[in-house]
Amino acid sequence: MNIPASILTGTTEGEGSPPAGGLPGVAELVGHGPIDTDTARALAGNAPGWDRLFVNPTTGHVLEIDRYQPSADQRRILRVRDEHCRFPGCRYPATRSDADHTIDAAHGGPTAISNLGHFCRRHHTLKHHTRWKADNLPGGLIRWTSPLGITYTDKPPRTVVFTTPDDTPPPF
Ligand SMILES: [Zn+2]
């Protein structure tokens with residue numbers, strides 16, 4: 001199913017004229033054809049994840065694909081890297097934290113290990129709704145900047161770790 005973001009955000013009702021190479025402005029069920037906006041929104045609400053396509057606005061050609069939700073492999077890597085919430089001093093387990101985009105996907109941040117980190121609900125809220133700012137640095141470092149401009153760099157707990165593929169506890 002292909003749904004223009006403008007339909008999901010309610011900024012269009014799908015009445016626009018489609019540019020060359022695609023049907024932007026019109027939701028489409030692959031293998032079926034165009035579908036109405038209400039059906040598209042209902043289906044979108046039940047989808048477990050989405051691929052984000054960047055298309056050339058003139059030709060309609062796909063330029064890049066990104067997925068908003070981290071893949072299962074990305075989640076495993078992040079859980080091993082982070083172990084816990086990445087706010088300095090917080091030890092809330094990664095398994096119960098949110099894997100969040102450091103640069104928001106809505107602002108162009110990719111769904112990549114270099115732009116993701118685990119944040120517990122409290123620090124996830126802090127990041128999005130206060131003047132605290134987080135930046136990913138090379139090596140899995142996350143630099144936090146307080147509202148007063150003071151920076152704190154959080155290092156991932158370990159650089160090498162062995163874990164079972166399905167996250168079950170080891171037999172020892
Ligand atoms: Zn936390």
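Here the structure is a predicted model, which means the values were calculated and not measured. Note that ligands are numbered from 1 as they come in the structure, with each ligand's atoms numbered from 1 the same way.
- Among the atoms of His124, no N, O or S atom is found under 2.8 Å from the Zn ion (ligand 1).
- Residues Gln74 and Ala112 share a closest heavy-atom pair of NE2-CA, 3.8 Å.
- The nearest N, O or S atom of His84 is not closer to the Zn ion (ligand 1) than 2.8 Å.
- Without hydrogens or angle criteria, Asp100 side chain to Phe119 main chain gives no donor-acceptor distance under 3.5 Å.
- In terms of modelled atom types and a separation under 3.5 Å, the side chain of Arg86 and the main chain of Asp154 share a donor-acceptor contact.
- Ring-plane geometry between Phe87 and His123 is classed as parallel, the angle between the planes falling under 30 degrees on a 0 to 90 degree scale with a further cut at 60.
- The Zn ion (ligand 1) forms the vertex of an angle spanning SG of Cys120 and ND1 of His123; to the nearest 10 degrees it equals 100°.
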